[in-house]
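Inspection log for the structure reproduced underneath, given as structure tokens.
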Amino acid sequence: MPRKSPLGTLVALGGGDDDAMLAMLTDMLPAPTAPVEIVTTASSNPGRSSRGYQDSLHDLGCRSVHHLRIDERHAADTEENLRRLERAAMVFFTGGDQERITEFWQKTRALAVLADRYRHDAAFIVAGTSAGAAVLPDCMIVEGHGARSLTKGGLRTAPGLGLLGKCTWISILPSEGALGGWRTRWCSILRVWA
């Protein structure tokens, strides 16, 4: 039996300079005071990453932006974290290493709350950039290098958070000088199967 379509909104950003997309996300919030949680689990520098997104969102008019830290030092399933996930209007996953997100989020009550809100709350937004976007589907790509990524055995995949059904983001970052001198940040192909 196919899954019922979720009521919430999921937004996957490419990474890098996300200002235009952050403005779009801000416009999607019901009010400037709607709570936004910045999740930096993937980041190697969570404080700096959170401050950057908090500053950008504040500049765009968001008045209730918080750092939800879940990692090796901050457990996912604290009562405080679960309360914050229950009341958030948007949860935003930053970039970094997507395997860190699955390491600290899979099989947690925090993920169950996030998934339930996404599936049943039409006003709820889950967003991610770079690794935070790659982790959203059932399956994520975690390793691949250059042209070898496009050949059999050139990619390594792992389970994602499972918010986006049976699909995988395939993201390619061409090297400098590729495509006749054009530098593109992300070419995303969404592969979906029944």
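The chain is numbered in sequence order, starting from 1.
- In plain terms, the two heavy atoms of Ser43 and Thr94 that are nearest each other are CB-OG1, 4.1 Å.
- Under the 4.5 Å side-chain heavy-atom criterion for Ile, Leu, Val, Met, Phe, Trp and Tyr, Met90 and Met24 are members of the same hydrophobic cluster.
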Might you work through the side-chain contact (heavy atoms from CB on, under 4.5 Å) test for Arg117 and Val91, ending with a clear yes or no?
CA-CA 10 Å; Arg117 296 265 335 267; Val91 174; over 6 Å; no
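- Atom CG of Leu111 is separated from atom CD1 of Ile70 by 9.5 Å, given to the nearest 0.5 angstrom.
- Under a 3.5 Å cut-off, the side chain of Asp77 and the backbone N or O of Ala110 do form a donor-acceptor pair.
- For Ala158, the side-chain contact (heavy atoms from CB on, under 4.5 Å) partners two or more places apart in sequence, or in a different chain, are Met140, Val142.
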Test Val113 against Asn81 for side-chain contact (heavy atoms from CB on, under 4.5 Å), laying out the working first.
CA-CA 10 Å; Val113 168; Asn81 286 350; over 6 Å; no
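- A distance of 13.0 Å separates CG of Leu13 from CZ of Phe93, quoted to the nearest 0.5 Å.
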Could you give me the CA-CA distance, side-chain angles and deciding distance for Glu80 and Arg83, then say whether salt bridge (Lys or Arg N to Asp or Glu O under 4.0 Å) is met?
CA-CA 5 Å; Glu80 171 71 10; Arg83 267 194 306 278; 3.1 Å; yes
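- Atom CD in Glu86 sits 9.0 Å away from atom CG in Asp121 (nearest 0.5 Å).
- Counted by atom type alone, Gln54 and Ser50 present one or more donor-acceptor pairs between their side chains at under 3.5 Å.
- No side-chain heavy atom of Phe124 sits under 4.5 Å from any side-chain heavy atom of Leu7.
- In this structure the side chain of Val39 never reaches within 4.5 angstrom of the side chain of Ile101, judged on heavy atoms.
- Taking the salt bridge (Lys or Arg N to Asp or Glu O under 4.0 Å) definition, one finds that Arg48 meets it with nothing, sequence neighbours left out.
- Of all heavy-atom pairs between Glu37 and Ala88, the closest is CG-CB, 3.9 Å.
- Without hydrogens or angle criteria, Arg100 side chain to Glu72 main chain gives no donor-acceptor distance under 3.5 Å.
- Considering all non-hydrogen atoms of both residues, Thr41 and Phe104 come closest at CG2-CD1, 3.9 Å.
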Passes side-chain hydrogen bond (donor to acceptor under 3.5 Å, both in side chains), His58 versus Asp55? Steps please.
CA-CA 5 Å; His58 278 121; Asp55 291 348; 4.9 Å; no
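- The two residues Ala131 and Ala42 make their nearest non-hydrogen contact at CB-CB, 4.3 Å.
- Note that CG of Leu114 and CG of Leu136 are 8.5 Å apart. Values are rounded to the nearest 0.5 Å.
- Judged by distance alone, the side chain of Ser56 and the main-chain N or O of Gly52 form a donor-acceptor pair under 3.5 Å.
- Note: Phe92 and Tyr53 have tilted aromatic rings, judged against thresholds of 30 and 60 degrees for the angle between ring planes.
- For Ala23, the side-chain contact (heavy atoms from CB on, under 4.5 Å) partners at least two apart in sequence or on another chain are Leu60.
- Contact of the Leu161 side chain with the Tyr118 side chain is not registered, since no non-hydrogen atoms from C-beta on lie closer than 4.5 Å.
- Remark: the backbone N or O of Gly47 is paired with a side-chain donor or acceptor of Arg51 at under 3.5 angstrom.
- Put simply, the side chain of Arg69 never gets that close to the backbone of Thr40: no donor and acceptor are under 3.5 Å apart.
- Put simply, the side chain of Arg87 never gets that close to the backbone of Pro35: no donor and acceptor are under 3.5 Å apart.
- Formation of a donor-acceptor pair under 3.5 Å by the Gln106 side chain with backbone atoms of Gly160 is found in this model.
- Of all heavy-atom pairs spanning Pro137 and Leu164, the tightest one is CA-CB, 3.8 Å.
- Ala127 and Leu25 make their closest contact through CB-CD1, 3.9 Å (heavy atoms, listed as atom of the first residue, atom of the second, distance).
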